[in-house]
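Note sheet for the following structure.
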Amino acid sequence: MDRNKFSSIAHREHLFSNPISETKINRIIDFLQLEPHAKVLDIGAGKCELLIRLVEKYGIGAIAVESHEGSILEAKQQAQKRIPEEKITYIVQDAKQVISEYVNHFDVGICVGSTHALGSLELTLQALKRNVKKGGFILVGEGYWKKKPSQEYLDALGGADESELKKHHENVFIGESMGLVPIWSVVASDDDWDEYEGLYAMSMEKYCYENPNDPDYHSMLNKIRSWKRTYLTWGRDTLGFGLYLFQNQ
């Protein structure tokens, strides 16, 4: 079963591929107060909803870096209905190669839920600090532990290690230790998580019901039902997700 296929189906009904509510994301968009000449970089841009909204509000130019061509196709279909075609440049390439080409180039650097593309939260912040001009902003989205994860939960996540995530305040302090100034942080509430996980499971269940002859039918159904149990048993109380806005002063 193709991982990107599963994710694309499961996120079919999501505006954003993370559990932060639309209201909270729009609040951060408002904070940025960008000029039309501003340049924005988004690593792991997915369907580019955040970039499209930034273009709609401020008229900025953007570069979207995404490894999955299917997500870029969806992004282009959405963008052509709402913004001028030339406003977003789409790059389907390894993020590490792309960011090495830019130094002090962007007014905003974004990486929401994709810090693994650059290795870790620390490495992502280091990279974006190089890419973003002084006075510019860095927005990252990262998971964190609400409480110590049980071994059963880590095993259910495929053998994850507790060291892979930190606590909410530690995510903020990592940026601060690099000389970045924390401007704003917000986390997904229980309701936000239930909405996100509910849509995630519902989309996959609906797809499987309507496509029983898909060769991945059984593996996809087993995976989503196992994931639902994992979320309800451990994830809802253990795993958090936050958006962290820093200024590169």
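Residue numbers count from 1 along this sequence. Basis for what follows: all heavy atoms, side chains included, without hydrogens, waters or symmetry-related copies.
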First locate atom [atom1] of [X], then atom [atom2] of [Y], and finally report the distance between them rounded to the nearest 0.5 Å.
{"X": "His37", "Y": "Ile60", "atom1": "NE2", "atom2": "CD1", "value": "12.0 Å"}
{"X": "Tyr153", "Y": "Thr233", "atom1": "OH", "atom2": "OG1", "value": "10.5 Å"}
{"X": "Ser226", "Y": "Leu221", "atom1": "OG", "atom2": "CG", "value": "11.5 Å"}

Would you list the pairs meeting salt bridge (Lys or Arg N to Asp or Glu O under 4.0 Å) in which at least one residue belongs to [range], sequence neighbours left out?
{"range": "residues 194-204", "value": "Asp194-Arg236"}
{"range": "residues 99-119", "value": "Asp107-Lys133"}
{"range": "residues 56-65", "value": "Asp30-Lys57, Glu56-Arg82"}

Among residues at least two apart in sequence or on other chains, which ones pass side chain to side chain donor-acceptor pair (under 3.5 Å) with [X]?
{"X": "Lys167", "result": "none"}
{"X": "Gln77", "result": "none"}
{"X": "Asn213", "result": "none"}
{"X": "Glu69", "result": "none"}

Verify side-chain hydrogen bond (donor to acceptor under 3.5 Å, both in side chains) between Ser189 and Asp191, making sure each step is shown before the conclusion. CA-CA 5 Å; Ser189 67; Asp191 284 347; 5.2 Å; no

According to a 4.5 Å side-chain heavy-atom criterion applied to Ile, Leu, Val, Met, Phe, Trp and Tyr, with indirect links allowed, do Leu41 and Ile83 form part of one hydrophobic cluster? no

Contacts of type salt bridge (Lys or Arg N to Asp or Glu O under 4.0 Å), residue Lys24, not counting sequence neighbours: Asp192

Could you walk me through whether Lys223 and Lys228 pass the side chain to side chain contact (heavy atoms under 4.5 Å, CB included) test, one step at a time? CA-CA 9 Å; Lys223 181 175 180 178; Lys228 279 191 291 187; over 6 Å; no

Residue pairs fulfilling ring-ring contact (aromatic ring centres under 6.0 Å, His included) with at least one residue in residues 155-191, sequence neighbours excluded: Phe31-Trp184, Tyr144-His168, His168-Tyr244, His169-Phe173

Sequence neighbours excluded, every pair satisfying ring-ring contact (aromatic ring centres under 6.0 Å, His included) that has a member inside residues 102-141: Tyr102-His105, Tyr102-Phe106

Is any side-chain heavy atom of [Y] closer than 4.5 Å to one of [X]?
{"X": "Val112", "Y": "Ile25", "value": "no"}
{"X": "Ile91", "Y": "Ile63", "value": "yes"}
{"X": "Ile43", "Y": "Ile110", "value": "no"}
{"X": "Phe16", "Y": "Arg53", "value": "yes"}
{"X": "Leu128", "Y": "Cys111", "value": "yes"}
{"X": "Lys166", "Y": "Ile174", "value": "yes"}
{"X": "Val140", "Y": "Leu125", "value": "yes"}
{"X": "Glu49", "Y": "Glu74", "value": "no"}

Check: Thr115/Glu142 side-chain N/O donor and acceptor closer than 3.5 Å: yes

Checking Ser120 side chain against Leu123 main chain: does a donor-acceptor pair fall under 3.5 Å? yes

Hydrophobic cluster (4.5 angstrom, side-chain heavy atoms) - remaining members for Met202: Leu199

Please determine which of Asn131, Val65, Asp94 meets the side-chain contact (heavy atoms from CB on, under 4.5 Å) test together with Ile99. Asn131

Holding to ring pair (Phe, Tyr, Trp, His ring centres under 6.0 Å), I want the full list of residues that pass it with His11, two or more places apart in sequence or in another chain. His14, Tyr196, Tyr200

